[in-house]
There are 2 protein chains.
Amino acid sequence: MARWEPGAAGRLREAAVELFARQGFDQTTAAEIAAAAGLTRRTFFRHFPDKRDVLFAGEAALERALVSAVDEAPEGLSPLSLIGLALDRASDVFVDMPRDRVRARQAIIDSDASLLERQREKYAALARAMGAALARRGIGEPAATLAAECASVVFTVALTQWLADGESRSLSVIAAEVLAELRALDVPR
Amino acid sequence: MARWEPGAAGRLREAAVELFARQGFDQTTAAEIAAAAGLTRRTFFRHFPDKRDVLFAGEAALERALVSAVDEAPEGLSPLSLIGLALDRASDVFVDMPRDRVRARQAIIDSDASLLERQREKYAALARAMGAALARRGIGEPAATLAAECASVVFTVALTQWLADGESRSLSVIAAEVLAELRALDVPR
DNA sequence: GTCTATAGTGCGATAGAC
DNA sequence: GTCTATCGCACTATAGAC
């Protein structure tokens, strides 16, 4: 048997969601999480610079998905259409995730102001990366920034809806619908 | 002579920007700010629950302007047109402010992570208030949230441009232009 | 570890406005 | 007199210096 099982970071992330959900974020120590994952406190901090990060390690994959979709998209699309492609690709990141697990994670974040702030920070970083990707395609300012922020908002709204009680549609379907609503914002009502 | 001059909060805010700009946020104590405004440390904390708040007390007026514009707008407009009216009203809040002072304030915020965090929080609250105002007008979800977040983004981008070196146009002109860019995001390019 | 400086709070006293 | 803003003091907590 190996000295360590593979996927230490993943096991830490799962254990963290589990423990935070059961006993609260503040009431859970890094040592507990590490123990539940069969690791030591020291190893926890080698993977995550602070206790909060264990909940946000997934954002990197999201950013890669969003940015690569923009980078690889065909020419001649509108910024909003580019965003549509990016959101579709980002939705793929979530297809293999159990909805209940993502729901639990979001409930933890919603319960703590400092976690909410960290989440805002992550989304702001995501938007900056998207803006840079759009700029590489020749989209000027302020269009690139506006489109990137729109992507962030549409994604957030769509994710919230995906996690809502009784919702069964896929994230990509919901995101497309929310993007359509964004496009319709200038229709009088 | 009166025991207290009127406008204590305003004097504290001015002194704070002055001192933060000169010696840095961390290097300035609440007592110093209070003294510069002819008050005591205790009075500072009666006006502002914490040291950061002295930089953000103005957001309340901004929120009132945005929300009242939506509340008082005529019927039958699109959500984007509603936020156009709101942005115009919000710009009025800034007409009497010296651009250099707002620039100094923003430079202070940009220099400190915890202040940036507070600013994100304030804008998030602003967007929530706008979303609620739009909902009162019968705008459903997710349109209300989307439009409110768009307003927040357009305002942020416009304010940044207003503060840019060499920019001389008024905030309301810039905001109208940025909103026009937002409307044009679905044009292929 | 100690020491210092500062953030932030609770409470009561006081000086004015009305 | 009431009401409110300010003040002064004492307190806890915490971050950094050493």
Side-chain angles (χ1 to χ4, degrees), chain A residues 16 19-20 23-34 40-42 44-56 108-122 124, chain B residues 1-64 93 96-97 101-102 104-126 128:
Chain A
L19 288 168
F20 290 160
Q23 42 187 348
F25 177 75
D26 284 332
Q27 283 68 48
T28 304
T29 69
E32 277 181 276
I33 299 167
T40 66
R41 185 185 133 86
R42 185 71 190 78
F44 179 94
F45 285 110
R46 222 174 55 76
H47 284 279
F48 308 103
D50 77 66
K51 202 174 91 176
R52 296 185 198 114
D53 283 320
V54 73
L55 286 169
F56 295 102
I108 295 161
I109 294 170
D110 289 339
S111 75
D112 183 288
S114 80
L115 291 174
L116 276 171
E117 168 48 29
R118 181 64 62 96
Q119 185 165 60
R120 275 193 289 267
E121 220 171 273
K122 290 287 181 182
Chain B
M1 154 136 177
R3 179 179 179 190
W4 62 77
E5 300 292 323
R11 273 174 9 244
L12 286 167
R13 290 169 56 191
E14 286 190 25
V17 171
E18 170 83 15
L19 289 168
F20 289 159
R22 193 159 54 212
Q23 41 188 353
F25 178 75
D26 284 333
Q27 284 66 49
T28 304
T29 69
E32 276 181 278
I33 299 166
L39 297 163
T40 65
R41 188 185 119 79
R42 194 66 190 83
T43 303
F44 178 94
F45 284 111
R46 227 180 57 78
H47 284 279
F48 308 103
D50 75 67
K51 205 174 93 174
R52 296 182 195 99
D53 280 328
V54 73
L55 287 168
F56 296 101
E59 312 289 324
L62 196 55
E63 179 171 324
R64 277 194 303 275
V93 174
D96 292 327
M97 293 193 200
R101 171 162 218 84
V102 182
R105 172 180 172 277
Q106 193 58 48
I108 296 161
I109 294 169
D110 289 339
S111 75
D112 183 289
S114 79
L115 291 173
L116 278 169
E117 166 184 324
R118 182 65 62 96
Q119 187 167 60
R120 274 193 294 266
E121 221 172 90
K122 290 286 182 182
Y123 276 115
L126 231 52
R128 276 193 301 276

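Please read these numbers as outputs of a predicted model, since none were measured by experiment. Within every chain, numbering begins at 1; the chains are lettered A, B, ... in the order of the sequence lines, protein sequences first and strands thereafter.
The distance from atom CG of B/Leu39 to atom P of D/dT4 is 19 Å, rounded to the nearest whole Å. If you measure from atom CZ of B/Arg118 to atom P of C/dA7, you get 14 Å, rounded to the nearest angstrom. One interatomic measurement links the two molecules: CD of B/Gln27 to P of D/dG16, which rounds to 12 Å at whole-angstrom precision. A straight line from CZ of B/Arg46 to C1' of C/dC11 spans 14 Å, rounded to a whole angstrom.
No hydrogens or angles were tested; on distance alone, a donor-acceptor pair under 3.5 Å links the side chain of B/Arg42 to the base of C/dG10. Judged by distance alone with a 3.5 Å cut-off, a donor-acceptor contact links the side chain of B/Arg41 to the base of C/dG8.
Electrostatic pairing of B/Glu59 and B/Arg105 counts as a salt bridge here, judged by a charged N lying under 4.0 Å from a carboxylate O.
For A/Glu117, the side chain to side chain donor-acceptor pair (under 3.5 Å) partners at least two apart in sequence or on another chain are A/Arg120, B/Arg120.
When the local axes at the two ends of the helix from C/dG1-D/dC18 to C/dC18-D/dG1 are compared, using 5 base pairs at each end, they differ in direction by 20° after rounding to 10°.
Contact of the A/Asp53 side chain with the A/Arg118 side chain is registered, since non-hydrogen atoms from C-beta on lie closer than 4.5 Å. Looking at heavy atoms from C-beta onward, B/Arg46 lies out of side-chain contact with B/Leu39 at the 4.5 angstrom threshold. Counting heavy atoms from C-beta outward, B/Phe56 and B/Leu115 have side chains that approach closer than 4.5 Å. Side-chain contact between A/Ile33 and A/Phe20 is present, with at least one heavy-atom pair separated by less than 4.5 Å.
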